[in-house]
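A short write-up of the structure that comes next.
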Amino acid sequence: MNTSISEQESTTWLQRISYASSDDHKLILAVPSLFIRDYVSSQYKDTIETILHELTGESVTVEFSVQKSEEPPKSHVPKQTQYHATAAAIPHPKAQKRPKDPNINTSYQFDSFVVGDNSAFAYNVSMAIAKNPGVSYNPCLIYGGVGLGKTHLIQSIGNYIQDHTPELQVVYVTAEMFTNEFIQAIGEEKTPQFRHKYRKADVLLIDDIHFLQRKTSTQEEMFHVFNNLFEANKQLVFTCDRPINELQDIADRLKNRFTRGINVDLQPPDFETRLAILRRKCEGKPCHISSEVLDYIGRSVNTNVRDLEASLTKLIAYSNLLNKEITIEIAREQLKSTYSMSKDQSMSIDSIIRVVADYFNISPYDIRGKKRTKSVVLPRQIAMYIARTITDFSTTEIGYEFGGRDHTTVMHSVQRVEGMIQSDVAVSNSIQTLIRQAQSYKREK
Ligand code: ADP
Ligand code: MG
């Protein structure tokens, strides 16, 4: 079992655990909330037990118990941010419904957010905040590159709270809107009204705080809004397009406020998640796009979800306008100009074919061609195997590059070469050599 735990994991999760009690081979650990108990127990229980076993030579069972003590366990996280007394943003039972914030787009919901390894942590924390605003994760900072779902998540928090706890006043703004409103308020001598709007929020959601760089007086105002709400145990959530320490010209005291609670990042989705997102976006739409083409989009567009959506929309529009079924070739052509991403950075099939042809002393033309003689078939299969192993191309794309062969031919070749590698050390060594050559061929280019 892998018992290593990254520093990031340790800071976010493990430092929130403390010793509670122990008894014959059982260790009870205190955690501050149900959410943390469930997460830590599913992710780390086995690892902790294994480490304890290694340290003590005994088998020790670990259990977690939720303890909302006034005296939180020692942690790097400042005291208040760990878990406020639940009086936080919880509304009074007879409180009135608050008007919904018109800046929150109701189409951003947790339900429509496709969760992958890249976003599970940010999603879970956002959901926990939406269910218990002001209680466990306060303030929260969500950061990540453009188009990765920051606005979707922060607005999902807003929508969820407005739907489930309508007594809470939710306020959503982008940092840009906040800045403009502030400037306008100064111009019209309405700063008291401006302050009142923000100070009456129970949940304040501020998107894209990187916009505050170099805006000294807006930063100052934001600092006061922050302190005011934070001291009143109101929930604060921010998003930023980069880690806070990479921001330029933001006052340290404000940076320090933004990061004092929980910090979660959104990474670009992996292939499986990209495909799941594409499938979800096709649901309920008249979209005649085959799963092969979806697979192609998922493999080629690997920058962010916004580009993924845009590619799909473009192909659907193309298909509807021309009343044509989208083929891989059309998709390739249409997306080439817009999103020609990782493939040029990654290994090209062409360089693999050259290296293999060279090794077997045949021409690249033969490898792509129709000849079925033994001296050509094996090199061709090996080249397909290498392409499949060291690149991100799908079997369909590889088939296309190998003279328009079917993806089943590629699959068959890969299986055959795998069988040979397993049964013959010499073949295995040659293929390893070829892979290294193909990789250095690419570097020299
Ligand atoms: P950001 O604010 O980080 O730039 P957005 O939240 O605006 O990104 O996301 C861009 C688009 O991608 C939006 O239409 C959003 O709904 C969609 N999107 C992003 N992440 C996901 C996801 N995990 N599942 C479904 N849609 C997503
Ligand atoms: Mg955004």
Side-chain angles (χ1 to χ4, degrees), residues 101-130 140-163 170-180 204-213 236-244 246-247 258 262-285 287 289 294-295 297-317 335 338-339 341:
D101 186 328
N103 294 317
I104 299 184
N105 176 341
T106 52
S107 65
Y108 288 131
Q109 299 284 349
F110 285 118
D111 284 352
S112 58
F113 190 90
V114 178
V115 186
D117 288 346
N118 60 310
S119 59
F121 185 38
Y123 178 89
N124 288 340
V125 166
S126 304
M127 185 60 120
I129 289 172
C140 169
L141 171 75
I142 304 171
Y143 67 92
V146 64
L148 292 179
K150 300 183 295 295
T151 299
H152 192 136
L153 273 185
I154 197 174
Q155 293 216 5
S156 299
I157 297 176
N159 277 313
Y160 191 98
I161 297 175
Q162 292 189 146
D163 291 343
V170 179
V171 176
Y172 166 90
V173 271
T174 62
E176 185 174 4
M177 288 155 65
F178 184 91
T179 307
N180 294 341
L204 178 61
L205 310 170
I206 302 194
D207 210 353
D208 296 333
I209 55 167
H210 45 270
F211 187 83
L212 296 177
Q213 292 176 111
L236 294 142
V237 184
F238 305 98
T239 74
C240 185
D241 70 353
R242 66 202 82 170
I244 293 291
E246 289 175 20
L247 290 177
F258 287 145
I262 192 155
N263 297 236
V264 293
D265 67 334
L266 281 168
Q267 292 290 332
D270 60 12
F271 168 68
E272 277 76 21
T273 312
R274 297 200 292 273
L275 200 56
I277 292 172
L278 287 168
R279 294 216 172 103
R280 179 72 69 83
K281 307 271 173 201
C282 279
E283 270 170 23
K285 275 191 199 156
C287 144
I289 296 203
L294 284 186
D295 193 275
I297 308 172
R299 284 188 193 280
S300 354
V301 183
N302 60 3
T303 44
N304 61 54
V305 185
R306 186 171 298 155
D307 288 348
L308 210 55
E309 275 186 342
S311 310
L312 183 67
T313 310
K314 182 171 184 185
L315 292 180
I316 294 175
L335 300 185
T338 334
Y339 310 107
M341 271 133 317

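Position 1 is the first residue of the sequence, and the numbers go up from there. In this text, all values refer to a predicted model and were calculated from it rather than measured experimentally. Order of appearance sets the numbers: ligands from 1, and atoms from 1 within every ligand.
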Original post:
Regarding Thr106 and Asn159, is there a side-chain donor-to-acceptor distance under 3.5 Å anywhere?
Top reply: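 Thr106 vs Asn159: no donor-acceptor pair found between side chains.
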Subject >> Check: Asp241/Tyr143 side-chain N/O donor and acceptor closer than 3.5 Å >> reply: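 Tyr143 and Asp241 do not have a side-chain donor-acceptor pair below 3.5 Å.
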With nothing but distance in play, are any N or O atoms of [X] less than 3.5 Å from an N or O of ligand 1?
{"X": "Gly147", "result": "yes"}
{"X": "Val305", "result": "no"}
{"X": "Ser119", "result": "no"}
{"X": "Leu148", "result": "yes"}

Counting each atom of ligand 1 from 1 as listed, which ones have a heavy atom of [X] under 4.0 Å away?
{"X": "Val114", "answer": "22 (C), 23 (N), 24 (N), 25 (C)"}
{"X": "Val146", "answer": "4 (O)"}
{"X": "Gly145", "answer": "3 (O)"}

Subject >> atom 7 (O) of ligand 1: the protein heavy-atom neighbour that sits closest, reported with distance to 0.1 Å >> reply: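 Residue, atom and distance for the closest contact: Arg306 NH2, 3.0 Å.
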**OP:** Name the closest protein heavy atom to atom 8 (O) of ligand 1, giving the residue it belongs to and the distance to 0.1 Å.
**Re:**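 Atom 8 (O) of ligand 1 sits closest to the protein heavy atom Gly149 N, 3.1 Å.
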**OP:** Pick, from Arg280, His152, Lys281, Glu309, the option with the minimum heavy-atom distance to atom 26 (N) of ligand 1.
**Re:**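 When every heavy atom of Arg280, His152, Lys281, Glu309 is considered, Lys281 comes closest to atom 26 (N) of ligand 1.
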Original post:
Who are the salt bridge (charged side-chain N to carboxylate O under 4.0 Å, His left out) partners of Lys281, not counting sequence neighbours?
Top reply: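 If we apply the salt bridge (charged side-chain N to carboxylate O under 4.0 Å, His left out) test to Lys281, skipping adjacent residues, the hits are Glu309.
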Subject >> Partner residues of Asp295 under the salt bridge (charged side-chain N to carboxylate O under 4.0 Å, His left out) criterion, sequence neighbours left out >> reply: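 Salt bridge (charged side-chain N to carboxylate O under 4.0 Å, His left out) check on Asp295 returns Arg299.
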**OP:** Please state whether Ser112 comes within less than 4.0 angstrom of ligand 1, counting heavy atoms only.
**Re:**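 Per 4.0 Å heavy-atom rule, Ser112 contacts ligand 1.
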Original post:
Would you say Tyr123 contacts ligand 1, with heavy atoms under 4.0 Å as the rule?
Top reply: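 Outside the 4.0 Å threshold, so no.
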Heavy atoms, side chains only, cut-off 4.5 Å: are [X] and [Y] in contact?
{"X": "Phe178", "Y": "Asp208", "value": "no"}
{"X": "Ser156", "Y": "Tyr123", "value": "no"}
{"X": "Gln162", "Y": "Asp101", "value": "yes"}

Original post:
Can Thr273 and Asp270 be said to form a side chain to side chain donor-acceptor pair (under 3.5 Å), step by step?
Top reply: CA-CA 5 Å; Thr273 312; Asp270 60 12; 2.6 Å; yes
Original post:
Any donor and acceptor pair, going by atom type alone, linking the side chain of Thr174 with main-chain N or O of Met177 inside 3.5 Å?
Top reply: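 Looks like yes, one N/O pair under 3.5 Å.
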Original post:
Is it true that some N/O/S atom of Thr151, main chain or side chain, lies under 2.8 Å from the Mg ion (ligand 2)?
Top reply: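 Here the distance criterion (N, O or S atom, under 2.8 Å) is met by Thr151, so yes.
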